[in-house]
**Student:** 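A single structure is presented below for examination.
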Amino acid sequence: MAKARSKRGGLLLRLYVAGNAPNSLRAVANAKAICEEYLTSRYDLEIVDLLKHPNRALKDGIIVTPTLLRLRPLPVQRVIGNLSDTNQVLLTLASK
Amino acid sequence: MNPTAAPHRRGLAQRLSEAQATIDALLSGQIDAVVDSKTATPVLLSKAQDALRQSEEQHRQIVEATTDGIMKVDAFEKIVFVNGRLAEMLGYEPRQMIGMGVSTFMTASARAIMADPFARPAGQDTLDTVLCHKSGTAISVNIAASPLVDGEGRRFGTLGMVRDVTERDKLQSQLMVSDRMASVGTLAAGVAHEINNPLAAVIGNLDYIAEILGSAVRDSSTSASPGKSDAWLLDAIKGPINDAREAAARVRLIVRDLKIFSRSPIDEPKCRVDVQAVMESSLRMAWNEVRHRARLVKLYGVVPKVEANEGRLGQVFLNLIVNAAQALPEGHAEQNEIRVSTRVHDGRVVIEVSDTGAGIPPEIIGRIFDAFFTTKGVGVGTGLGLAICHRIVTDMDGELTVESTLGKGSTFRVALPIARHEAIEVTAPVVEAMAGPGRRGRILVVDDEELVLRSVKRLLTKEHDVVALAKAKQALALCAGGETFDLILCDLMMPDMTGMDLHRELSRVAPEQAKRMVFLTGGAFTANAWTFLSDPAREHLEKPFSPTTLRAVVRRHVQ
């Protein structure tokens with residue numbers, strides 16, 4: 001678990017990964033890059049390892065990893081996969 | 001409409017799209033782990049994927065490493081997969097073949113088995129057929145086909161395993177031909193043996209008559225009062241006798257040629273061979289083919305002996321000469337030429353057979369040494385001659401090559417290694433010119449052929465005391481009883497007791513006499529006889545021999 005940046009009132013993102021599995025590493029790198037490059041507003045990215053915290057994943061309704069959750073603003077949005085499709089990620093994060 | 005229904009519907013739509021996204025991500029391999037909702041435990045996919053990848057890689061390696069060609073064909077007879085081996089067999093890159101219709105390279109019978117793998121003949125799991133290489137060459141293959149069926153039992157294509165059997169077929173046909181050659185050889189040896197015995201008697205007696213006639217003519221010319229009728233008689237006989245001697249000499253040459261082709265025991269020993277002698281012999285055999293079609297030009301350079309098998313080499317030369325002749329039209333002998341030559345080049349003896357025929361088109365010249373490749377009509381050529389020649393020459397560590405210009409003719413070139421070490425040399429003993437009559441010797445002649453026996457006795461009686469016996473056992477009894485001879489002339493192949501048997505027995509009971517044996521051979525060599533005679537201490541005389549040769553050998557031993 002790592003917090004990239006913490007700012008109040010902005011986007012709250014949570015990325016579920018599975019240890020050092022290849023798609024998970026790629027998803028972490030992609031998520032960080034997208035946040036750095038495109039998110040001008042405040043955001044909070046939390047990375048959760050499914051293998052260490054299976055119960056949290058269960059509570060968040062995670063079925064597969066990697067999965068990126070947009071927890072705030074509501075409604076909750078999910079992006080599934082290694083986040084290599086930047087447009088898709090941005091569209092989901094911006095959707096209402 | 002229920003106001004709460006809208007957010008609910010939105011949630012459902014979202015969940016559906018998330019489910020779709022999950023499936024997409026799974027299919028594109030972007031998922032690392034799945035949460036098992038029953039046990040609430042995460043399952044890492046990577047391990048399963050690795051295992052799958054490994055297994056796939058293993059299967060791929062097997063499919064690519066196998067020496068058999070493998071293909072998957074869909075229901076429309078289109079290739080969906082080929083391994084590298086099959087593509088290579090047919091002259092393509094694997095990717096070029098994807099989507100290709102099988103009719104591009106398959107005959108109707110091969111297509112039938114692919115269309116219905118169960119349609120093959122009863123009792124056969126596979127089908128022997130031919131496929132067409134990209135270049136148009138036919139490849140002999142053996143195909144095993146099995147249907148590809150999906151999970152619900154529906155057939156969606158065929159899996160074909162293709163084995164290249166060109167080499168196997170080639171070997172088989174060469175084996176068959178060499179079998180046939182072996183039996184022809186055995187037959188020839190038998191015939192030669194049967195002819196040589198009476199021929200030895202014919203030649204011996206004719207020469208004997210000629211000698212008597214010669215001295216009679218001398219006597220009559222020196223005589224004070226020659227009878228006119230005697231002189232006329234002698235003159236009248238001289239011509240026909242000489243003609244008969246000449247004819248007999250020709251029979252002798254023909255039989256000797258036959259023997260060249262049979263003088264190949266099972267292990268085909270290599271000897272120091274005089275290529276010119278073999279070429280001459282082959283030319284004589286092919287003369288009938290040559291003389292109506294071409295002038296024959298011989299350009300023999302002085303060449304050392306080669307290490308080869310005489311019979312096999314004769315077969316090669318005969319084949320090349322007959323091929324050269326068949327490349328020329330019949331009846332224009334003056335306009336066409338067949339040229340044979342020998343020379344030394346690059347430390348090897350090079351023998352060339354050239355013709356002034358139509359030449360070989362460049363597109364087929366690469367295939368003329370292939371088995372079954374022939375341009376001759378059905379029934380004329382089997383397409384095996386050159387293939388066998390090529391193998392024979394290669395077996396002798398030599399090289400058979402061809403050069404051809406369309407419209408000008410072809411040259412076949414045989415390059416053979418020069419004989420390096422002193423191998424067994426099979427030649428008739430050198431005739432030694434003897435001056436004056438020698439000592440009167442005591443000679444024992446053993447031959448089951450009465451005609452030969454009488455002829456040899458007749459030729460030698462004047463100069464030596466000759467004991468002639470038809471059975472080796474009698475000879476053994478005589479020698480065992482203490483009789484001694486200056487020379488024992490003994491036939492090699494005899495019923496009951498052979499010359500070899502007699503030699504073995506004499507070595508035991510009268511070793512001195514065994515050393516005085518000279519063997520008479522008629523040509524029917526068994527492998528045993530060959531080994532026996534390969535001992536340089538064992539002298540032999542080939543039937544039919546001339547009286548001069550016989551007398552020279554005898555005189556040498558008596559002195």
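In what follows, every chain begins at residue 1, and chains take the letters A, B, ... in the order their sequences are listed.
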**Student:** With a 4.5 angstrom heavy-atom cut-off, is it the side chain or the backbone of A/Gln77 that approaches chain B, or both, or neither?
**Tutor:** both
**Student:** Have a look at B/Val35 and tell me which of A/Leu58, A/Val64, A/Ile63 forms a side chain to side chain contact (heavy atoms under 4.5 Å, CB included) with it.
**Tutor:** A/Leu58
**Student:** To the nearest 0.5 Å, how far apart are CD1 in B/Ile31 and CD1 in A/Ile80?
**Tutor:** 7.0 Å
**Student:** Name the region of A/Val76, side chain, backbone, both or neither, that has any atom closer than 4.5 Å to a heavy atom of chain B.
**Tutor:** backbone
**Student:** In terms of heavy-atom contacts, does CG of A/Asn20 have more than 12 from other residues, nucleotides or ligands at under 6.0 Å?
**Tutor:** no
**Student:** Where is the tightest heavy-atom contact between A/Gly81 and B/Ala25, given as atom of each residue plus distance?
**Tutor:** CA-CB, 4.1 Å
**Student:** To the nearest 0.5 Å, what is the distance between CG (B/Leu44) and CG (A/Leu51)?
**Tutor:** 5.0 Å
**Student:** For A/Asn82 and B/Gln30, indicate whether the former's side chain and the latter's backbone hold a donor-acceptor pair under 3.5 Å.
**Tutor:** no
**Student:** Are side-chain N/O atoms of B/Asp32 and A/Ser24 paired as donor and acceptor at under 3.5 Å?
**Tutor:** yes
